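This one's a predicted model, so the numbers in the text were calculated from it and none came from an experiment.
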Amino acid sequence: MARYGLPNESSSDEDINDYSYETTFSKPLAQSTAYKDLTGTETDNDIDKEPPLLEELGIKPHHIYQKTLVVLNLLSDITDQDILEDTDMAGPLVFCLTLGIFLLLAGKVTFSAIYGIGIMGCIFFNCLLSLMANRIQMTVMMVASMLGYCLLPMVLLSFINIFITIEGTFGIILTIFAVLWCSISASKLLATAFDMDNQQWPIAYLCAMLYGGFALITLY
């Protein structure tokens with residue numbers, strides 16, 4: 001006589017576990033490009049649309065490249081007002097630090113003098129340009145950014161001073177050339193940014209006084 005018993009309980013438990021595993025993990029989570037926020041609605045994943053980390057920190061490599069290129073090439077101009085109004089201080093701080101390091105390699109410790117002249121000069125220029133400019137939208141950071149980028153020729157002069165002395169006649173001529181280079185670049189940036197094209201040469205004279213202080217530090 002055939003015996004009919006209950007189904008095997010262990011096998012049914014294994015089938016249920018296999019089924020739940022397949023239904024839970026068979027669909028990868030990466031197939032979904034949306035997620036639910038706290039309100040229960042689905043929103044798109046905007047991680048790929050976020051700006052680069054440098055731009056989130058306020059550092060724009062394209063603006064740094066354009067300003068540096070204008071300083072190196074006196075015949076080039078910047079027409080993008082966003083670049084002129086950028087308050088980026090990464091480039092000026094790097095140039096000031098590089099200037100101090102080059103002078104340190106030449107046997108001169110001048111970090112405090114560099115930052116002191118730079119800060120006082122930026123405050124002086126901001127007050128003076130506020131009286132001369134036709135535009136009201138002017139900040140100390142904008143002026144400091146432009147003056148700091150135009151310090152690059154003085155950095156090159158300090159680099160030359162590591163290998164050869166610039167205290168003679170050749171050094172004085174080279175220093176005057178660097179001061180003129182810095183002054184013309186800075187006056188062109190300031191005049192373009194603040195609509196002061198007819199006052200570029202008076203601004204260049206004031207810039208020559210500022211960069212002359214850096215030149216004295218480098219020369220002596």
Side-chain angles (χ1 to χ4, degrees), residues 64 66-78 84 88-129 131-133 140-194 196-220:
I64 295 175
Q66 290 295 329
K67 284 186 177 181
T68 305
L69 188 63
V70 169
V71 174
L72 293 177
N73 186 7
L74 295 177
L75 300 179
S76 61
D77 295 321
I78 292 181
L84 294 172
D88 169 58
M89 291 300 296
L93 289 176
V94 170
F95 291 160
C96 289
L97 182 61
T98 306
L99 177 62
I101 292 174
F102 286 163
L103 292 177
L104 182 63
L105 294 176
K108 305 173 185 178
V109 182
T110 57
F111 286 99
S112 59
I114 291 172
Y115 287 103
I117 295 175
I119 293 173
M120 295 303 296
C122 292
I123 295 174
F124 170 76
F125 261 85
N126 182 69
C127 296
L128 189 61
L129 292 176
L131 300 175
M132 297 172 59
V140 179
M141 300 300 290
M142 291 173 59
V143 176
S145 178
M146 297 180 195
L147 293 177
Y149 274 101
C150 295
L151 191 64
L152 182 58
M154 204 61 61
V155 176
L156 299 178
L157 179 65
S158 63
F159 177 74
I160 296 174
N161 191 31
I162 298 176
F163 304 100
I164 60 175
T165 180
I166 58 174
E167 294 181 357
T169 304
F170 174 75
I172 294 175
I173 295 174
L174 198 62
T175 303
I176 293 174
F177 175 75
V179 171
L180 292 177
W181 189 356
C182 295
S183 303
I184 295 174
S185 299
S187 62
K188 182 173 62 176
L189 285 177
L190 293 171
T192 305
F194 303 127
M196 302 170 61
D197 294 333
N198 56 342
Q199 299 177 348
Q200 180 178 353
W201 294 113
I203 296 174
Y205 172 74
L206 297 174
C207 292
M209 296 176 61
L210 174 63
Y211 293 112
F214 292 104
L216 292 176
I217 296 173
T218 307
L219 187 60
Y220 301 109

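Within the model, atoms CG of Asn126 and CE of Met141 stand 11.0 Å from one another, a figure rounded to the nearest 0.5 Å. The OG1 atom of Thr110 sits 10.0 Å away from atom OH of Tyr115, with the distance rounded to the nearest 0.5 Å. With values rounded to the nearest 0.5 angstrom, Leu151 atom CG is found 15.5 Å from Met146 atom CE. Separating the CG atom in Leu157 from the SG atom in Cys182 is a distance of 8.5 Å, to the nearest 0.5 Å. Leu129 contributes atom CG, which lies 5.0 Å from atom CE of Met196 (distance to the nearest 0.5 angstrom). In this structure, the separation between CD1 on Ile117 and SG on Cys122 is 11.5 Å, given to the nearest 0.5 Å.
The shortest distance between side-chain heavy atoms of Phe159 and Thr98 does not fall below 4.5 Å. You'll find the side chain of Phe111 stays beyond 4.5 Å of the side chain of Leu103, heavy atoms only. Between Lys108 and Asn161 there is a side-chain heavy-atom pair separated by less than 4.5 Å. Within the 4.5 Å cutoff, no side-chain heavy atoms of Ser185 are placed close to those of Val70. A 4.5 Å side-chain heavy-atom check between Met154 and Trp181 finds every atom pair outside the cut-off.
The environment of Phe170 atom CZ is sparse: at most 12 non-hydrogen atoms of other residues, nucleotides or ligands sit within 6.0 angstrom.
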Output side-chain donor-acceptor pairs under 3.5 Å for residues 201-220, partner residues at least two apart or in another chain, one line each.
unit_1: Tyr211; atom_1: OH; unit_2: Leu147; atom_2: O; d: 2.7
unit_1: Thr218; atom_1: OG1; unit_2: Phe214; atom_2: O; d: 2.9

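No side-chain donor-acceptor contact under 3.5 Å links Thr192 to the backbone of Leu189. The closest donor-acceptor contact from the side chain of Ser145 to the backbone of Asp88 lies under 3.5 Å. A donor-acceptor distance shorter than 3.5 angstrom exists from the side chain of Lys188 to the backbone of Leu74, with no hydrogens or angles considered.
Residues Ser158 and Val155 approach most closely at OG-O, 2.6 Å, considering heavy atoms. Listed here is the closest heavy atom pair of Ala90 and Ile64: CB-CD1, 4.5 Å. Of all non-hydrogen atoms in Tyr149 and Pro92, the two that sit nearest each other are CE1-CD, 3.6 Å.
Not a single ring pair (Phe, Tyr, Trp, His ring centres under 6.0 Å) links Phe125 to another residue, sequence neighbours left out.
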